[in-house]
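Residue numbering restarts at 1 for every chain, and letters A, B, ... go by the order of the sequence lines.
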Amino acid sequence: MNKRDAFAQKVPSLGNMVDLPVENIMAPVLKRAWMKKFLYPMILSGCLVALWQWCVNFFQLPGTVMPGPLSVVRALRTNFGNIILPDLLFTLKIIAAGYAISILTGFLLAALCSQSKWLSRSIAPIAVMFMVMPTIILIPIFMVFLGFSPIVRVIVVSLQCAPIIMLNTLAGFTAMEPSHLEMLSAHGCSKWQIFTKYTFFNAMPRIFTGLKLGCIISIIAALGSDFAMGKTGLGYRIKISSSMVALDMVFATIIVAALLGIIMFEAVSFIEKRVIVWR
Amino acid sequence: MRLGPKKNFFVLENISKSYGENHVLTEITLYVNEGEFVCILGNTGCGKSTLLKIMGGIELPDEGKVIFQGTPRERKNTPASQSCFGMVFQKDQLMDWRTVYENVRFPLEIFGVNGADGPSRVEEILDVVGLKKFGNLYPRELSGGMRQRAAIARSLVHDPNVLFLDQPFDAVDAISRKALSFELLDIWRKTSKTIVMITNSIDEALLLGGRVVVMSDAPSSIAGTFEVGLLHKEKTGDFRESQAFWSLRRKIRQTLECRQLCEEAV
């Protein structure tokens with residue numbers, strides 16, 4: 001609505017003419033954008049699923065080797081409510097807690113590090129270390145102290161997710177253009193004014209990069225820690241089903257985990273588009 | 001007509017500046033009177049931007065004094081010390097996340113003039129630069145010329161006494177450049193502000209400046225000062241065809257080139 005008004009203002013002489021046709025012109029374009037985003041990937045996935053089912057039928061693969069999509073859907077339908085949903089909720093809680101803690105600590109550490117080069121130089125390598133470490137090798141360390149408590153998983157998710165949020169936020173805070181700083185200095189801005197009116201907004205795109213990456217990492221870490229410990233969680237369900245050769249169940253759980261990841265990522269992207277309106 | 005413009009409104013005394021081994025400015029002394037339009041002309045890299053940054057308080061000189069209205073400048077910029085100045089940079093330095101309106105309002109937020117007349121003041125100044133209809137757009141939606149207009153509006157919104165312009169029209173296409181120059185002249189006539197502008201175009205300096213200061217190449221000092229003087233009043237479209245314009249133009253060109261030749265000989 002804003003853009004249309006802006007366009008009408010840019011071409012004042014066309015102001016009245018622009019009013020009517022715009023919607024008609026824009027409608028197919030919008031439809032096409034929707035198609036590009038959803039329809040084409042869905043067609044492709046549909047074809048692949050059909051091919052998958054055909055292969056299973058044609059080669060007469062047993063369910064213990066390769067379940068067909070139909071049996072996966074059947075497994076999903078019969079087991080979602082009583083088995084997969086509790087696991088999903090459990091993992092979701094771990095992800096939510098770990099992600100929230102990571103956002104808080106990531107921002108806090110980035111704010112601290114932006115104030116001192118010395119501090120950021122000493123923290124950065126440690127942050128990178130936790131980020132690149134495989135989840136599975138972190139788990140045993142904390143299990144020594146805390147046993148099978150779910151807190152272990154929250155800690156591991158935070159340890160892996162916070163660094164990426166921190167490093168991206170820090171990059172945003174420090175990526176200031178010298179010429180803009182001159183402009184701010186010419187206005188005699190205080191440090192606090194520079195932060196609230198310039199640095200914070202300037203860092204926004206990078207902060208969201210960190211949040212999106214962190215969202216992915218937290219899912220990976222949560223599923224990974226499910227694998228390594230405990231008797232609940234989506235990762236555990238995949239592990240246990242595969243050891244029981246219930247491959248239809250494995251695939252069903254993987255689909256749920258994938259959907260969870262896509263929905264979380266899209267949610268963060270949606271918020272990003274709402275916040276960064278100036279791009 | 002204003003009564004008795006103050007002489008030596010803004011004074012630079014023996015300003016020297018170097019970045020490490022690189023001597024940029026040596027012993028520059030410059031007097032600017034109130035209401036004057038001074039153009040500083042020099043070749044690329046001669047340190048004219050540095051000079052303007054020192055005037056605007058962005059950089060500190062190594063030696064020498066900057067005196068505004070009889071008092072030396074403080075070493076640290078504060079909103080109070082900067083509210084008398086407006087600055088336009090080579091690039092517009094608009095903030096992407098603010099609309100044109102919010103960008104122009106920025107100095108009012110900093111200088112605390114955000115009272116009841118804030119909004120009307122912003123509207124008024126947007127009207128002056130011809131951006132009244134575009135207040136709600138973001139900078140990326142504007143053309144280069146419009147962005148620079150917004151930057152000029154921002155430098156004027158708090159009604160500063162002195163306006164510093166650092167090659168403001170360099171990033172603008174030729175047609176907008178000419179239009180903007182005339183508009184700036186118009187603004188200067190209407191508001192009688194003191195303006196110091198940096199340029200590397202002789203024609204622009206002559207068109208706008210009441211006085212043209214020519215700088216030599218780095219480490220630069222002032223190579224010559226030229227009064228455009230009376231010509232100033234009748235600066236219209238055919239100003240460029242007058243005899244006086246061309247003789248002055250030749251003299252300035254000689255000063256610029258002579259310096260270059262001397263440096264090369266040494």
- Item | Part of A:I276 within contact of chain B (heavy atom distance under 4.5 Å) | neither
- Query: So what's closer than 4.5 Å to chain B heavy atoms on A:Q193: side chain, backbone, both or neither?
  - Reply: side chain
Name the region of [X], side chain, backbone, both or neither, that has any atom closer than 4.5 Å to a heavy atom of chain A.
X      : value
B:K53  : side chain
B:F106 : side chain
B:F89  : side chain

Hey, are [X] and [Y] close enough for a salt bridge, meaning a charged N less than 4.0 Å from a carboxylate O?
X      : Y      : value
B:K193 : B:D159 : yes
B:E123 : B:K132 : no
B:D96  : B:R140 : no
B:E204 : B:K178 : no
B:K17  : B:E63  : no

